[in-house]
Amino acid sequence: MLENLPKNYDPKDFEDRLYSFWNDNGYFTPEINKDKRPFTIMMPPPNVTGSLHMGHALNNTIQDILIRWKRMEGFEALWLPGTDHASISTEVKVVEKLKSEGRSKEELGREAFIEEAWEWTHLYGGTIKNQLKKLGVSCDWSRDRFTLDEMLSNAVEEVFIRLYEKDLIYRGDRIINWCPSCHTAISDAEVDHEDSHGHIWHIKYPIKDSNEGIVIATTRPETMLGDLAVAVHPDDERYSHLVGQTVILPLVGREIPIIADSYVEMDFGTGALKITPSHDPNDFEVGERHKLGQFIVIDEDGYINENGGEFRGLERFEARKIVAEKLKEEGFLVEVKEHDNAVGHCERCKTIIEPLISKQWFVKMEPLAKPSLEAYYKGELNFVPERFGKIYVHWLENIKDWCISRQLWWGHRLPVYYCDECHEIIVSKEPIHHCTKCNSDNIRQETDTLDTWFSSALWPFSTLGWPEKTEDLEYFFPTDVLVTGYDIIFFWVIRMIFSSIEQLGEVPFKDVFLTGLVRDSQGRKMSKSLGNGIDPLEIIEQYGADALRFTLVTGNTPGNDMRFYTERVEANRNFANKLWNATRFVLMNLDEEIKEPSIEGINLEDEDKWILGRLNKLKKEVKSNLDKYELGLAAQKVYEFIWEDYCDWYIEMVKSRLYGDNKGLKESAQNVLVVVLKDTLKLLHPFMPFITEEIWQHLPGINKALILEDWPMEDSSMDFNEAEKSIEFIKSAIKGIRNARAEMNIVPSKKASLIFVTDNEDIKTTVEKGTKKFMTLASAESISFKNDKTSLGDDNISVVLEKCEVFIPLKELIDFDKEIERLEKEKDKYLDEINRVDNKLSNEGFISKAPAKLVDEEKAKKEKYTDMLNNVLERLESLKKA
RNA sequence: GGGUGGUUAGUUCAGCUGGUAGAACGCUACGUUGACAUCGUAGAGGUCGUUGGUUCGAGUCCAAUAUCACCCACCA
């Protein structure tokens, strides 16, 4: 066994091997077993052509921890992986690729373009899956899904048709966000608003048959070409006499009315607002109210169209400049001011959005939002952390209809057919060749595809075969928890919830665990353009997946952003190395005849009971933390247990037994060492799956893989209070002795005689039992006892403990000043403590209102510290006399 | 204009239901004892952004304020 564990931990030796071992044996694939409970997580599908970044690494690590833990707890744990076709972003990439080859989407035509996109998908798709495997994700690859799979596409069409038939999907001419670069409509959620420096122009519109004019304010003078009215507030006395009159639009000469509408803010700008229904969402609504009609002046490429008269053909920002200049020349421009406002940008390509009137498909949101809100209020949804619930509510309460049609080719084509004879609209999964109404064969299919989030919204059930009543769907749905970044609550989380409620009548998951963003060490968002992204694969290559996983899950808290420090990965790699070497130690000192290590029928020493008690407490706490999604706290506790309790203390305390010649003591130590290590590996496994599995398989008495083991449960028979107390006393005595010796610059290797001065029998017994420990851990040469210290001379170091004092005689001349200095420090420490306790105890309110237990504790502390202080004072007095 | 989060050791962050402030990294001193120098032992370092309030007691609850970050939003 031992020869298989090299001296240094090198994850590259086994991570890939173990991943294949698990995966090839089908350990990631659950069975449909009605006698066991399922636990399901749907992996947020990464973009099929994407590559792994730290955000993926973070949320997949969290999912893997949860799924491995639940699997060990005995659930049939399904973690379903997959990828997303990511319509717009993939299409943009393929278009770019074509462009670099001197080709274009248009010249290729739809079918050939989709071929190209599939090729691209096959070429770059799947790399992210291999990258995920490096991380150790235990997801069920036999159920791997892709949003454009036949099964999932079927679900998409089914939902579309159902919603259409319920009048929850409609088609209409509405003002939408148009990206002139991607050449498609996008939804509100896909628009990023960024503050930008700009100007506000005050323009005077002359009033017909009058010398008067009305001054309007605008940030987009070029849109005046499409003005259909000037609006003022109904209560605005400055303008009330003008309402109903006509204005002559400068430059173009068109006549438009002055209307009153309460949308106008009287105290902003001039209080008069130009209305351009075709190019501004608010103006659109005003236009609807006043039946102004439409007048489109900007086309889908962002150029002024034929309605723009002499400005026709100008690019929109060029037009802005020229229109403004022209207005100035002709004397209509009153003033130009600096002005900041939020401008909408395409989330994908950063182009400034152009609001346009366009015929698009929409999902009617209000009827869908309502049940989603109710589900939340009924407590069917639980956000971790809770505060995201508010964001969910706010969005749903202010929701607008969802524009789902995209003028793209890569994606799910709408199952919609138009009859050009009778203008019937037919929705159908099957291709339609004859109109169902007039039987004409003058039929064409809608060319638009669906928003990529339309298919992702169905992910929790489309992946399980819905609308078919599959066994998978029956058993694994609804899922248990969704783990994703808070940045896609609006895009994805909410849409999954309302889709699931609408189609299946229940929420798709109960818990929503939201992770923060992983930032660079300076707190900046990692991005390609900044070039500050840290590649998870490089980190894995250098430090191993376990170290990366541990880093991502500790030291941060759900929903909060974290900074990524390579130094932390290094520290966690060191932790893995520590565990590795602790195991080597255990195996090195394990007798061959111990085949099935166990603590059954074994005489446990105090230190054994102590470590078993600590382990038991750890099991309890880890379980409690995991139940509350406090993964970082759980991981931290396992870390501390291994490094401090197990390595620094237990192993050190047990060495004298292992090296000694008492066979019984030796064997019991060997058994306890292995038993504790095994349970610890189980507890650590979800966090560090590779190293724990590797070590596990080198231990004796193993009959199955760690990944399949049972989760260790708390056992109250493993609490040993007395033993714990004695070991804690011994620990504090050893620390005190080491401390004093270090302060006095006594070389650690130099052995010392220890004289314990105490009249407390329990302490005497404890110390006697712990003699070996003092020998090895406190470099003791001998141990003796005295009932009082009167006979002891001055050339000693004195270590004050509770109910006990330890004297260390010095062979050389003691540096009295230094010892006095050290004891003075001790004295101050106890004085501070006593002072603090006194303050509390002399507080009438504390005595009467604090719990009695607490008051007693404080009284006991006072007694203890006073006692210790007195010892220090006596010692000081004695030294000062000498 | 609304809303949320952060502000705790030199740095990055934990700190669950209020009861003597923790970790990691870094730093200082010492140490090649037969698991580990990817290590060990000991140590230094914090009036928990500010001001009030509730309480016997507040990093922890409440209010205000400063500052940074983010999200939402139709003031042209």
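So you know, we letter chains A, B, ... as the sequences are listed, proteins then strands, and number each from 1.
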**Request:** Test A:K861 against A:E833 for side chain to side chain contact (heavy atoms under 4.5 Å, CB included), laying out the working first.
**Result:** CA-CA 9 Å; A:K861 276 180 202 165; A:E833 290 300 329; over 6 Å; no
**Message:** Rounded to whole Å, please give me the gap between CH2 in A:W395 and C1' in B:A73.
**Reply:** 12 Å
**Prompt:** Just to confirm, is there a sub-4.0 Å distance from OP1 or OP2 of B:C13 to any side-chain nitrogen or oxygen of A:R563?
**Reply:** yes
**Asked** With rounding to whole Å, what would you report as the distance between B:U7 and B:U17 at their P atoms?
**Response** 15 Å
**Asked** OP1, OP2 of B:C74 versus side-chain N and O of A:K400: anything below 4.0 Å?
**Response** yes
**Complete:** In terms of heavy-atom contacts, A:A733 and A:L801 come closest through CB-CD1, 3.7 Å
**Request:** Give one of base, sugar-phosphate or nothing for A:T557, where a contact means two heavy atoms less than 4.0 Å apart.
**Result:** sugar-phosphate
**Item:** Heavy-atom pair of closest approach, residues A:A217 and A:G269
**Value:** CB-CA, 4.2 Å
**Message:** Looking at A:K637 and A:E640, is there a salt bridge between them, counting it only when a charged N and a carboxylate O are closer than 4.0 Å?
**Reply:** no
**Message:** As a check on the pairing definition, encode RNA chain B in dot-bracket form, counting Watson-Crick and G-U wobble pairs whose two distances are under 3.5 Å, and using | for partners outside this strand.
**Reply:** (((((((..((((.....[..)))).(((((.......))))).....(((((..]....))))))))))))....
**Message:** Base, sugar-phosphate or nothing for A:N341? Non-hydrogen atoms, less than 4.0 Å.
**Reply:** sugar-phosphate
Using nucleotides 19-22 of chain B, report all nitrogen or oxygen pairs with the protein that are shorter than 3.5 Å.
from  : atom 1 : to     : atom 2 : distance (Å)
B:U20 : O2     : A:E833 : OE1    : 3.0
B:U20 : O2     : A:R836 : NE     : 3.0
B:U20 : O2     : A:R836 : NH2    : 3.3
B:U20 : O4     : A:Y865 : OH     : 3.4

**Request:** Classify the ring geometry between A:H339 and A:F268 as parallel (under 30°), tilted (30 to 60°) or perpendicular (over 60°).
**Result:** perpendicular
**Message:** Return a single string for nucleotides 2-9 of chain B, one symbol per nucleotide in 5' to 3' order, where B is base contact, S is sugar-phosphate-only contact and - is none, cutoff 4.0 angstrom on heavy atoms.
**Reply:** --SS----
**Whole-angstrom distance between B:U47 and B:G43, as gauged at atom C1'** = 23 Å
**Prompt:** Counting any heavy atom closer than 4.0 Å, what does A:V264 reach on the DNA or RNA strands: base, sugar-phosphate only, or nothing?
**Reply:** base
**Message:** Mind checking if A:F388 touches a base, just sugar-phosphate, or nothing, with heavy atoms under 4.0 Å?
**Reply:** nothing
**Item:** Whole-Å gap separating P (B:A76) and CD (A:E265)
**Value:** 10 Å
**Asked** Is the shortest side-chain N to carboxylate O distance from A:E541 to A:K12 below 4.0 Å?
**Response** yes
**Item:** Pairing residues for A:K678 by the side chain to side chain donor-acceptor pair (under 3.5 Å) criterion, not counting sequence neighbours
**Value:** none
**Message:** Please give the distance between the P atoms of B:A44 and B:A21 as a whole number of Å.
**Reply:** 15 Å
**Message:** So that I can tick it off, tell me whether A:E354 and A:R220 are bridged by a salt bridge, with the cut-off set at under 4.0 angstrom between side-chain N and carboxylate O.
**Reply:** yes
**Prompt:** For the side chain of A:H290 and the backbone of A:L292, is there at least one donor-acceptor N/O pair under 3.5 Å apart?
**Reply:** no
**Message:** Say we look at B:G46 and B:G15: how far apart would their C1' atoms be, to the nearest angstrom?
**Reply:** 14 Å
**Message:** I'd like the P distance from B:G49 over to B:G10, given in whole Å.
**Reply:** 14 Å
**Message:** The criterion is side chain to side chain donor-acceptor pair (under 3.5 Å); which residues satisfy it with A:R568, sequence neighbours excluded?
**Reply:** A:T554
**Asked** Hey, are A:E821 and A:K825 close enough for a salt bridge, meaning a charged N less than 4.0 Å from a carboxylate O?
**Response** no
**Item:** Check: A:G516 main-chain N/O paired with A:D561 side-chain donor or acceptor under 3.5 Å
**Value:** no
**Message:** Distance check, P atoms only: B:G26 and B:C39, in whole angstrom units.
**Reply:** 9 Å
**Asked** Under 3.5 Å, side chain of A:N556 to main-chain N/O of A:M562, donor-acceptor pair present?
**Response** no
**Prompt:** When rounded to the nearest Å, what value does the distance between P atoms of B:C48 and B:G40 take?
**Reply:** 32 Å
**Prompt:** Is A:H193 near enough to B:C72 that one of its side-chain N or O atoms lies under 4.0 angstrom from OP1 or OP2?
**Reply:** no
**Complete:** Readout for nucleotides 27-40 of chain B: B = base within 4.0 Å of protein heavy atom, S = sugar-phosphate only, - = neither; 5' to 3' it is ---S----BBSBSS
**Request:** Over 60° means perpendicular and under 30° means parallel, so classify the ring planes of A:Y659 and A:F585, tilted if in between.
**Result:** perpendicular
**Message:** Can you check the distance between B:G52 and B:C70, where both ends of the measurement are the P atom (answer in whole Å)?
**Reply:** 32 Å
**Shortest side-chain distance from A:E567, nucleotide among B:C16, B:C25, B:C75** = B:C25
**Asked** Is the shortest side-chain N/O distance from A:R738 to OP1 or OP2 of B:A42 below 4.0 Å?
**Response** yes
**Message:** Within the 4.0 Å heavy-atom criterion, would you say A:G389 contacts the bases, only the backbone, or no part of the nucleic acid?
**Reply:** nothing
**Asked** Is it true that A:R836 and A:D832 have a side-chain N and a carboxylate O under 4.0 angstrom from each other?
**Response** no
